[in-house]
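Notes follow once the structure below has been shown.
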Amino acid sequence: MAARPPPGGSSTSRNNDLLLDLDNDQPVYNTGQRSDLTDDDLLNSYAYDQDGAAPSRPSVSYDDFVGSGQSSQHPYGRPSPAGPSTSTSGPYGPAPGVSRQYSQTSDLGNYQRYADDFDDYPDESGYYQHGGTGVGAGPSSAAQNNARKRNSVLSLGGGFLGRMKHRLGMGQGYSEMDLPLTDPRATGRTDTGEIPPPQKEKKFDMGNFKFGFGRSKPDPSTLGPRIIYLNNPPANAANKYVDNHVSTAKYNIATFLPKFLFEQFSKFANIFFLFTAALQQIPGLSPTNRYTTIGPLIVVLMVSAGKELVEDYRRKQADKSLNMSKARVLRGSTFEETKWINVAVGDIVRVESEEPFPADLVLLASSEPEGLCYIETANLDGETNLKIKQALPETSSMVSSVELSRLGGRLRSEQPNSSLYTYEATLTLQSGGGEKELPLNPEQLLLRGATLRNTPWVHGVVVFTGHETKLMRNATAAPIKRTKVERQLNKQVLGLVGMLLVLSVISTAGDLIMRGVQGNSLSYLDLAGLNGAAAVFHIFITDMVTYWVLFSSLVPISLFVTLEMVKYWHGILINDDMDIYYDVTDTPANCRTSSLVEELGMVEYVFSDKTGTLTCNQMEFKACSIAGVMYAETVPEDRVPTIEDGVEVGIHEFKTLKERIKTHPTAQVIEHFLTLLATCHTVIPETDDAGNIKYQAASPDEGALVEGALTLGYKFAARKPRVVIIEVNGQQFEYELLAVCEFNSTRKRMSTIYRCPDGKVRCYCKGADTVILERLNDDNPHVETTLRHLEEYASEGLRTLCLAMREIPEHEFQEWYKVYDKAQTTVGGTRAQELDKAAEIIEKDFYLLGATAIEDRLQDGVPETIHTLQEAGIKVWVLTGDRQETAINIGMSCKLLSEDMMLLIVNEENAAATRDNLQKKLDAIRNQADITIETNTLALVIDGKSLTYALEKDMEKLFLDLAVMCKAVICCRVSPLQKAMVVKLVKKYQKESILLAIGDGANDVSMIQAAHIGIGISGVEGLQAARSADVSIAQFRYLRKLLLVHGAWSYHRVAKTILFSFYKNITLYLTQFWYTFENVFSGEVIYESWTLSFYNVFYTVLPPLVLGILDQFVSARLLDRYPQLYSLGQSNRFFRITVFAAWILNAVYHSIILYIGGSLFFINDGPQSDGVPAGKWMWGTAMYGAVLLTVLGKAALVTNNWTKWHVIAIPGSMVIWIVFVAVYGTVGPMLGISMEYFGVIPRLFSSPSFWLQMPTLAILCLARDFVWKFSKRLWRPESYHHVQEIQKYNIQDYRPRMEQFQKAIRKVRQVQRMRKQRGYAFSAADESQTRVLQAYDTTQHRGRYGEMASSRPH
């Protein structure tokens, strides 16, 4: 496998292994790295790529924000967050060799001043301290006003002017400000003295052309920092920041009409109808009534508008429920409850545990020691670990609302941008008689979309609101999505328009020929002569208009109303399906965009988030192996312990483990195992008034292990900075914490060194099996047994850890501690490396205690759903913010990755290595494709850093070529924007494929909107994804029925509705064309005008509706049973161009039979029994009846199932026509309308020819269709024909027995493979755990305001 280091070594050397081999070497599950680039850099790079210009320097990291690589001492005596090091290569400093860029918001004071900003700030004393009156509100100079205007966001939507510009579509959008101040393009100067290269002249961009309205986007380098005043609402209000309102709706009052009309008239059919309606208004040229097209067109547009308004109203209601959520804002000296929408920039808010943050906040204080707090960002970046944030020491003591109300000063923040991982600002506080300026960094930023966990409360000041929050900056506007079927329909409409032109040209040419050849014999018609080119041209134009209008109904206007109704009803069927209703949370499916339903049946790629979508993010301690003996929460019947060949085999229950602690030979090992679980961690215990303990764990894995120890009788009771207290059998034991060797993604283990109650020093270590096993001593009798247990756990998808310990002699510990203490005080930026080296010295000669197995609980039905989707030919890609080893582990357990797959790992440090890795893998697959490798056994795993390089313009096609060859793809450590870019990449090159994205968090919104179809999970992460999606469901497993059943039905129904609608109109209107050859091309009509219009409105409107809503070509049960049928939609089997052509040719054939047959039935003008000729209108009405019966017969022939609604729609439509024509043909002439029917109806209904003609011609037409259908099923059956017979005759399927056999075979293979590929998963944060452990003393009681004092000496 690529990037496999030697055992025990780090993953530094890169070899040329291309594929996962099956030798005995241990693969390395690199953690994968998040890209160094910010989302803004990715976005800008991607935009350049689309424009075709090469980026100036791809893959440069701007993640280290500017201005924080500072000297060791700040001007105000506060040490640098990076420590006393003078190196600029710290975590937030620019890399060596990179030109230093100074931030506009750093506290160094070396930024370029913008505009007239010369400290023209009002007095920063508190607004509330002066009774709410404006302080220092004297007359301000023009320069001060100018500076404030520059700093305002008036043009971004704030204030009346900005709002109106946005309503009228003249706003500039959220520019950035369009770049963060960290981007080199956004800074005013450098200290290198280099002259920046001249910028290329921008090409004209039609998309950004304002037609003279609005301004162009401001140059970010002219924008200064955002100035926010503490406790001074009037000063903040003067800047007119955007409010906290968030909208995911498509329309507003001003944009509805232009947006809706643009969307509707992007359909060629509507442009065609509008053009035809305009031609009908020309007097003397239209052979039909002037309102027969414009009227139905208006109805079509109104129906579509109504559907759009209803769907957008639902979006607005969902937005309203969020905007009306409750928040607590400081007003005066108390916190008052208000709505989220009323939260403003500069407000100080209080957020309590388990609540989401209402806006982007800077943390001021928390209930925890030293201003610490835990937040969950799974909704933002997909990471499951809790993040630790910490307030500045100067504000962390402000725990009461009274103290906060006296807080005065200002906050100078960067402008809004989309980078989730960077933030720079300075906080200026009044201190004594002067001011104190403090730097702020991402450690103090709490983002909207994150949730407060394990912390009773925090106080923070709002810096960004509404659409300027980083969460919303990562979102994109709800796009206008058009389906593949719609695009194909546009082409078909163009084809029919071409056919219409041909018919019009033929008829016009015929008229000109008839006038030239037989003009003299037609003098009684008073036709204009062909005297000169002008006369010929005039006749040509008038004839073309006449025939265009006459044949215009070849494109059925009713089709588009019918389609809207059918799709809307499909949405209702999805909403009302009880199989995809989640009763636990009372959440039904919600189809928010019904216009996309048919694409649910054509999906080829599914892009899924992991956390909250595939998994529940709930860890459970399921089993363990101690001293070679397996214990589990529940024991299967076939694994009950037995004695075989003198050896005990099987699994014991946990209660047996509790009993064995006392007398069993392994009792001492069990004791150390459980002690390790209860002590070696960073969990903080919280005891309530009732004495119940709640564990605060940054890592859900650690929480599960501590809970497991509690279940087994070892209770973690309290923590002090240097002591851990555990309780066993009611007795408390104190373990003195001597040192912590922290977990990180390189070490893959964590060790704690304790002086135990018996006075001995012991090192407890837990970590991946690959790193623990190589550090064992020679006296370890249980290694092989434990390895077998690990394989079994891994084969079940459980997350495994190995536990080991050693006793350390006192003299050895003292010698080592000197090394450790020296490493702790290392300066120069290498402290982490020195600590790792120190840990290596002591972490050796371990005794293996055993292993743990934790279940990262999948959502119900996830493995079966993914397996079924893959059987249906759908490729599943997982895009997650989690670590690589975690994602692979979940991939195995959810059947995305199977035991027989070859993993292609791409985890490189730079662009060249990434390109080389991708190219070699691609070459190997292509060269060996016919020999050893099957592409359906390949799976690609790529991390965020490599993905950044792979998405660059010159490498994206290489990456995609490799990815599409794989059955499954996992992208780890990806940002929200990278998710969208992956989707857009596949969309860009796989133009015929339909892409579906599914996620549950705000970090998935951009991906959901980029895909053809977006599915949101209405889960515990909030409803941001569900509100932005086209369809929302409560569980991932519901995707199975949504696609395989509702999707397949919708695609088949919509295709049949469109094709039948074209067929019925062409059949009728081509009879009119054949008639032109008998009426000397005069443009005379064969049918009465309103009867012709009512054809689509009344007589044939019901069959397409009933076919589109109720037709089931295969039942839901069998569609789910045979997922292979889904390929019919993927290959567009029912709507490809050949199928369309077959329907059109069939319509032409039927029209010829009907016209010739109708003419023969009324040959010689059809003399009646009294000798009176039947006349044109009687003949035409009789032919109309025959056409209608044929068309309805065709509908009956293509219907797959019959219900009462089919009976009403198909035979019922014929009855409706007979009754209607009898009544209307009698009453109409009496009222002076439709005089063509005068005297026709009595003769027609008494004529035997009329009653004989209709069934005879219908049978003649449909006989060919019936024979074709019969022969096709008999000799060339499709796959669904076989399934239809299974359904009809209820044929039993004997496959389940075979599936059980295959399942057993897979299990054996899986265990064999796991011996070569053992997983490891430990979800801990790569940040200092020591500072957390040393800050807490849980034996102390909380203060008056619920705050916990720090245990460090002040």
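- Judged as a ring pair (Phe, Tyr, Trp, His ring centres under 6.0 Å), and not counting sequence neighbours, the contacts of F335 are H459.
- For S353, the side-chain contact (heavy atoms from CB on, under 4.5 Å) test picks out no residue, with sequence neighbours left out.
- For N417 (side chain) and S419 (main-chain N/O), a donor-acceptor pair under 3.5 Å exists by modelled atom type.
- Looking at T426, its side chain never comes within 3.5 Å of a backbone N or O of E437 through a donor-acceptor pair.
- With rounding to the nearest 0.5 angstrom, the CG atom of L446 is 8.0 Å from the CG atom of L452.
- Between E370 and S396, every side-chain heavy-atom pair lies at or beyond the 4.5 Å cut-off.
- Put simply, the side chain of N342 does not reach to within 4.5 Å of the side chain of N244, judged on heavy atoms.
- Between E435 and R410 there is a salt bridge, with a side-chain nitrogen of the basic residue lying less than 4.0 Å from a carboxylate oxygen of the acidic one.
- Here the closest non-hydrogen pair linking A327 and V343 is CB-CG2, 4.0 Å.
- One N or O on the side chain of K389 and one on the backbone of P442 form a donor-acceptor pair closer than 3.5 Å.
- The side-chain heavy atoms of L363 and V458, taken from C-beta on, include a pair separated by under 4.5 Å.
- Taking every heavy atom of both residues into account, S333 and S401 meet most closely at O-OG, 2.7 Å.
- In this structure, K250 NZ and N252 CG are separated by 13.0 Å, a value rounded to the nearest 0.5 Å.
- With values rounded to the nearest 0.5 angstrom, E376 atom CD is found 8.5 Å from K387 atom NZ.
- Scanning for side chain to side chain donor-acceptor pair (under 3.5 Å) contacts around T587 gives T585, with sequence neighbours left out.
- Looking at heavy atoms from C-beta onward, V351 lies in side-chain contact with P358 at the 4.5 angstrom threshold.
- Evaluation of the side chain to side chain donor-acceptor pair (under 3.5 Å) rule for T334 yields no partner, not counting sequence neighbours.
- Scored by the side chain to side chain donor-acceptor pair (under 3.5 Å) test, D319 finds T248 as partners (sequence neighbours excluded).
- Applying the ring-ring contact (aromatic ring centres under 6.0 Å, His included) rule to pairs touching residues 345-366 yields nothing, sequence neighbours excluded.
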Apply salt bridge (Lys or Arg N to Asp or Glu O under 4.0 Å) to residues R226 and E424 and explain how you reach the verdict. CA-CA 11 Å; R226 164 175 288 203; E424 45 183 322; over 6 Å; no

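- Annotation: side chain of V461 is in contact with side chain of L364 (closest heavy-atom distance under 4.5 Å).
- With values rounded to the nearest 0.5 angstrom, I228 atom CD1 is found 9.0 Å from N239 atom CG.
- To the nearest 0.5 angstrom, Q978 atom CD is 10.5 Å from S1006 atom OG.
- Side-chain atoms of T455 come within 3.5 Å of backbone N or O of Y374 as a donor-acceptor pair.
- With hydrogens and angles disregarded, a donor-acceptor distance shorter than 3.5 Å links the side chain of N236 to the backbone of Y229.
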Assess whether side-chain contact (heavy atoms from CB on, under 4.5 Å) is satisfied between V349 and L330, documenting all intermediate values. CA-CA 6 Å; V349 300; L330 185 67; over 6 Å; no

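- Applying the side-chain contact (heavy atoms from CB on, under 4.5 Å) test to L429 and every residue at least two apart in sequence or in another chain returns L230, E394, T395, L407, L427, L438.
- Contact record, D1000 with I1017: CB-CB, 3.5 Å, taken as the closest heavy-atom pair.
- The heavy-atom pair separating M1007 from K979 by the smallest distance is CB-CB, 3.9 Å.
- Listed by chain and number, the residues in a side-chain contact (heavy atoms from CB on, under 4.5 Å) with A344 are D347 (sequence neighbours excluded).
- Annotation: ring pair (Phe, Tyr, Trp, His ring centres under 6.0 Å) contacts of Y313 (sequence neighbours excluded): none.
- Taking all atoms of both residues into account, the shortest heavy-atom contact from A450 to I375 is CB-CD1, 4.3 Å.
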Begin with the C-alpha distance, continue with both residues' side-chain angles, and end with the deciding distance and a verdict on salt bridge (Lys or Arg N to Asp or Glu O under 4.0 Å) for E355 and K326. CA-CA 10 Å; E355 291 181 351; K326 300 296 183 185; over 6 Å; no

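- Considering only heavy atoms from C-beta on, R592 stays 4.5 Å or farther from R314 through its side chain.
- Of the possible polar contacts, one joining the N323 side chain to the V246 backbone as a donor-acceptor pair under 3.5 Å is found.
- When the side chain to side chain donor-acceptor pair (under 3.5 Å) test is applied to S247, no partner is found at least two apart in sequence or on another chain.
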Test log, rule salt bridge (Lys or Arg N to Asp or Glu O under 4.0 Å), inputs R453 and E354: CA-CA 5 Å; R453 302 280 190 215; E354 310 302 317; 2.4 Å; yes

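- Contact of the L361 side chain with the L445 side chain is not registered, since no non-hydrogen atoms from C-beta on lie closer than 4.5 Å.
- Of all the heavy atoms in S413 and A425, the pair that sits closest is CA-CB, 3.6 Å.
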Under the criterion side-chain contact (heavy atoms from CB on, under 4.5 Å), I'd like the reasoning laid out for L322 against W340: C-alpha separation, chi angles, the key distance, then a yes or no. CA-CA 8 Å; L322 180 71; W340 274 25; 3.8 Å; yes

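- For NZ of K339, the number of neighbouring non-hydrogen atoms (other residues, nucleotides, ligands) closer than 6.0 Å is 12 at most.
- Residues D243 and T465 form no side-chain contact, since every pair of their non-hydrogen atoms from C-beta on lies 4.5 Å or further apart.
- When the side-chain contact (heavy atoms from CB on, under 4.5 Å) test is applied to T469, the partners found at least two apart in sequence or on another chain are D360, R448, F464, L471, M472.
- Side-chain atoms of S366 come within 3.5 Å of backbone atoms of L372 as a donor-acceptor pair (strictly under, hydrogens ignored).
- Of the inter-residue distances, the one linking L392 atom CG with E443 atom CD reads 9.0 Å to the nearest 0.5 angstrom.
- In this structure E352 satisfies the salt bridge (charged side-chain N to carboxylate O under 4.0 Å, His left out) test together with R328, R350, sequence neighbours excluded.
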Set out, in order, the CA-CA distance, both residues' side-chain angles and the distance that settles side-chain contact (heavy atoms from CB on, under 4.5 Å) for I348 and V329, then state yes or no. CA-CA 6 Å; I348 295 175; V329 177; over 6 Å; no

